[in-house]
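Structure record follows, encoded as structure tokens.
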Amino acid sequence: MTFPFTRMRRLRRTPALRELVAETMLRPSQLIHPIFVSNGSPQPSPVASMPGVFQQPLETIESDVEDALALGIATVLLFGVPDEKDTEASSAWDESGVIQQATKRLKDRFGDEVTVITDTCLCEYMTHGHCGIAIGGSVLNDPSVELLGRVALSQAAAGADMVAPSAMMDGQVAYIREVLDEGGYDHVPIMAYSAKYASSLYAPFRDAAESAPSHGNRSSYQMDYRNRREALRELVLDVGECADMVMVKPALFYMDVLREARNLTDLPLVAYSVSGEYSMLKAAAEKGWLDEEAVLMEYLFSLRRAGADAIITYAAKEAARWLNRQ
Ligand code: PBG
Ligand code: ZN
């Protein structure tokens, strides 16, 4: 028998050697912490399908953000759970809407220490729960885009550091860019939910945001999970519409898309590890079937390895705690 000259194990021998040749890094500042803000209840109310996640009143978001900052997480993504919904999502662009109030509060308190990203969509504010204006059975594109422009403008006016259109309406990024620039907010970047798939993994989020569509589903605007090339077309379009950051969502079942997106564009790339991904891991960990810390680390590092610059995850705080211990 001839023994190998090339021995991969030489560089795996000690922890220090392994550390020396580690290719991928993850810092808490690369994590984005989502927050559900509600103006309904005075107390934080737990989301049953997402252990550890709460709908929070305006009164408690400051301490949540304070904790995040202490852990090194400087970016939050705000979702509104308004007490009033209608068919034109008025509470989404109301200057005293729940997101606008939350944004002001956080910027007043923390200034530039925190980066506030606001989700720019209509579903949480619509009685029917669709991401656009729904007439009959269909969701209209262009009128919805106009409304999204209004929402983005009011979020920027409230002090949002970045807006994140997630409705998957065609042309939304270009139109929001125009509206923001005309309104004096040319310094506010757009994080585009470019490749957002119609996914069953959003189910726990819809509990948290109370945004499940009352009729039909989102397949006429969100992407079909069988498609990969189409995601690249979506990305190219958003790059052309002057998105500042692009996103692939969900993350776990879409790492091929993430890698291709990385190869396609030099824009900062975000992976959104969605609610169902979080709930699956929490459930398995609660049963004692998986080691939560180990799996979460392997998972987040894998998303970085696949090409993500930043990661939106409901486990941002846990992850940061573990990263800071190392
Ligand atoms: C709404 C929105 C959704 C998510 C983020 N923004 C849900 C949806 O499209 O139904 C999903 C997030 C998650 O599941 O964590 N536009
Ligand atoms: Zn939506």
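Atoms within a ligand are numbered from 1 in the order they appear, just like the ligands themselves. Residue numbers run from 1 in the order of the sequence given.
Between atom NZ of residue Lys104 and atom CD1 of residue Ile99 there is a gap of 11.5 Å, rounded to the nearest 0.5 Å. For the atom pair CG of Leu296 and CG of Leu281, the computed distance is 6.0 Å after rounding to the nearest 0.5 Å. Note that CG of Leu201 is 10.5 Å distant from NZ of Lys249, once rounded to the nearest 0.5 Å.
Heavy atoms from other residues, nucleotides or ligands lying under 6.0 Å from CZ of Arg13 number 12 at most. More than 12 heavy atoms of other residues, nucleotides or ligands shown are found within 6.0 angstrom of CZ on Arg325.
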Write none if no such pair exists; otherwise list each N/O atom of ligand 1 with its protein N/O partner under 3.5 Å and the distance.
residue  : atom   : partner : partner atom : Å
ligand 1 : 6 (N)  : Lys249  : NZ           : 3.4
ligand 1 : 9 (O)  : Lys196  : NZ           : 3.1
ligand 1 : 9 (O)  : Arg218  : NE           : 3.4
ligand 1 : 9 (O)  : Gln222  : NE2          : 2.8
ligand 1 : 10 (O) : Arg206  : NE           : 2.6
ligand 1 : 10 (O) : Arg206  : NH2          : 2.7
ligand 1 : 10 (O) : Arg218  : NE           : 2.8
ligand 1 : 10 (O) : Arg218  : NH2          : 3.2
ligand 1 : 14 (O) : Ser275  : N            : 3.3
ligand 1 : 14 (O) : Ser275  : OG           : 2.7
ligand 1 : 15 (O) : Ser275  : N            : 2.7
ligand 1 : 15 (O) : Tyr314  : OH           : 2.6
ligand 1 : 16 (N) : Ser166  : OG           : 3.1
ligand 1 : 16 (N) : Lys196  : NZ           : 2.9

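At a threshold of 4.0 Å, the pair Arg262-Asp309 counts as salt-bridged, since one of the basic side-chain nitrogens sits closer than that to a carboxylate oxygen.
If you look at the Zn ion (ligand 2), the protein N, O or S atoms less than 2.8 Å from it are Cys121 SG, Cys123 SG, Cys131 SG.
Residues passing the side-chain hydrogen bond (donor to acceptor under 3.5 Å, both in side chains) test with Tyr221 are His130, Arg218, sequence neighbours excluded.
Sequence neighbours left out, not one pair with a member in residues 71-97 passes salt bridge (charged side-chain N to carboxylate O under 4.0 Å, His left out).
Between Phe36 and Phe79, the ring centre distance stays below 6.0 Å.
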